[in-house]
Number of protein chains: 2
Amino acid sequence: MERKIHDCMDGCPVESTLQIISGKWKCVILYRLIKHKVCRFSELQRYMPGCSRRMLALQLNELEADNIISKKVYPVIPPKTEYSLTELGETLIPLITEMNKWGEMYNQIHR
Amino acid sequence: MERKIHDCMDGCPVESTLQIISGKWKCVILYRLIKHKVCRFSELQRYMPGCSRRMLALQLNELEADNIISKKVYPVIPPKTEYSLTELGETLIPLITEMNKWGEMYNQIHR
DNA sequence: TCTGCTGGTTACAAAATGGTTACTATGTCA
DNA sequence: TGACATAGTAACCATTTTGTAACCAGCAGA
């Protein structure tokens with residue numbers, strides 16, 4: 001999985017961040033990995049019923065390519081994999097936490 | 001401009017936040033409005049050369065529909081408009097600031 | 001022997017997103 | 001008289017993203 005990084009104006013930091021975390025489900029995946037430390041593919045699926053298996057795999061692949069999460073595969077049948085944050089991924093915790101906090105506040109005022 | 005909010009699992013706060021700020025340029029726009037308080041359309045264009053006039057207008061419209069920014073139109077020729085954060089928009093400052101911070105850190109390790 | 005389980009991938013179709021160009025209005029400047 | 005400036009919008013097309021469904025391996029249990 002190759003990820004191309006398009007140029008940002010003056011290397012705008014906000015745009016850099018967006019390149020890593022934008023994607024329909026990435027922040028939710030990260031939120032789950034922060035909360036549960038380690039998750040199997042099927043667990044993530046359960047937490048995100050709106051996200052298809054295909055999409056989940058795509059987003060996980062991109063996050064892995066960007067070195068935000070790491071995957072551990074157990075060569076067993078049926079298959080078993082575990083996803084967790086890398087060291088770099090952990091630096092995103094304050095950001096995702098902030099997102100969660102804002103969303104809670106927003107949900108309150110919107111019933 | 002109508003904005004439909006799709007259902008999130010258990011009203012997941014992270015997904016709520018994403019519904020408001022996801023969009024190719026929204027965070028960058030917000031970052032600019034935080035930094036400069038008030039911006040004209042053409043100023044924003046200059047700050048975001050990668051964003052077309054059409055895209056900029058679309059993103060601004062959505063942010064306005066979600067009550068994150070407000071627009072003041074001066075009925076003059078040539079036209080003049082000013083965008084700024086609403087009260088709700090200002091509550092996003094910590095989040096956008098966090099994004100900026102993370103991006104700066106990330107840019108440093110990536111040359 | 002047939003079914004189910006997990007963690008994917010592939011192919012195809014549909015929907016969303018984004019770029020480009022042209023168009024608007026009208027006052028000011030050359 | 002003609003061009004320029006601003007803040008958009010509209011139409012059209014190309015690209016990207018996303019969804020759906022089917023398929024795979026191979027062991028365990030019925």
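Each chain gets a letter, A, B and so on, in the order the sequences are listed, and its residues count up from 1.
The distance between atom CZ of B/R54 and atom P of D/dA10, rounded to the nearest whole Å, is 11 Å. Straight-line distance from the CG atom of B/L56 to the C1' atom of D/dT6: 13 Å, rounded to whole Å. The separation between A/K72 atom NZ and C/dG8 atom P is 15 Å, rounded to whole Å. Protein atom CZ of B/R46 is 12 Å distant from nucleotide atom C1' of D/dA5, rounded to whole Å. In this structure, A/F41 atom CZ and D/dC24 atom P are separated by 19 Å, rounded to whole Å. At whole-Å resolution of the value, CH2 in B/W25 and P in C/dT17 are 16 Å apart. One atom, CD of A/Q59, and another, C1' of D/dT16, lie 13 Å apart when rounded to the nearest Å. Between the P atom of D/dA7 and the CD atom of B/E43 lies a distance of 9 Å, rounded to the nearest Å.
The side chain of A/M55 lies closest to D/dT18, out of C/dG19, C/dG7, D/dT18. Nearest to the side chain of A/S52, among D/dA7, C/dG18, D/dT20, sits D/dT20. Among the nucleotides D/dT6, D/dG8, C/dC5, the one closest to any side-chain atom of A/P78 is C/dC5.
Across all strands shown, B/R53 has heavy atoms under 4.0 Å from base atoms, whether or not it also approaches the sugar-phosphate. Within 4.0 Å of B/Y83, counting heavy atoms only, lie sugar-phosphate atoms of the nucleic acid but no base atom.
A salt bridge between A/K71 and A/E82 is absent, with no side-chain N of the basic residue lying under 4.0 Å from a carboxylate O of the acidic one.
With DNA chain D read from its 5' end, the first of the two nearest nucleotides for A/G50 and B/A57 is the one closest to B/A57. Nearest-nucleotide positions on DNA chain C for B/I77 and A/P79 put A/P79 closer to the 5' end.
The side chain of A/N61 places no N or O atom within less than 4.0 Å of a non-bridging phosphate oxygen (OP1 or OP2) of C/dG8. Side-chain N/O atoms of A/R40 include one lying less than 4.0 angstrom from OP1 or OP2 on C/dG7. Within the 4.0 Å cut-off from OP1 or OP2 of D/dT16, not a single side-chain nitrogen or oxygen of B/K24 is found. Between B/K80 and D/dA5, a side-chain N or O to OP1/OP2 separation shorter than 4.0 Å is absent. In this model, the phosphate group of C/dC5 is not approached by any side-chain N or O of A/S42 to a distance below 4.0 Å at OP1 or OP2.
Under a hydrophobic clustering in which Ile, Leu, Val, Met, Phe, Trp and Tyr are joined whenever their side-chain heavy atoms come within less than 4.5 Å, directly or via other members, A/L95 and A/I93 fall into the same cluster.
Note on ring orientation: taking the six-membered ring where Trp is involved, the planes of B/Y83 and B/F41 are tilted (angle from 30° to 60°).
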**Study point:** From CA spacing to verdict: side chain to side chain contact (heavy atoms under 4.5 Å, CB included), A/I96, A/C27
**Key:** CA-CA 7 Å; A/I96 303 294; A/C27 290; 4.1 Å; yes
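The closest side-chain heavy-atom distance from B/L56 to B/M48 is below 4.5 Å.
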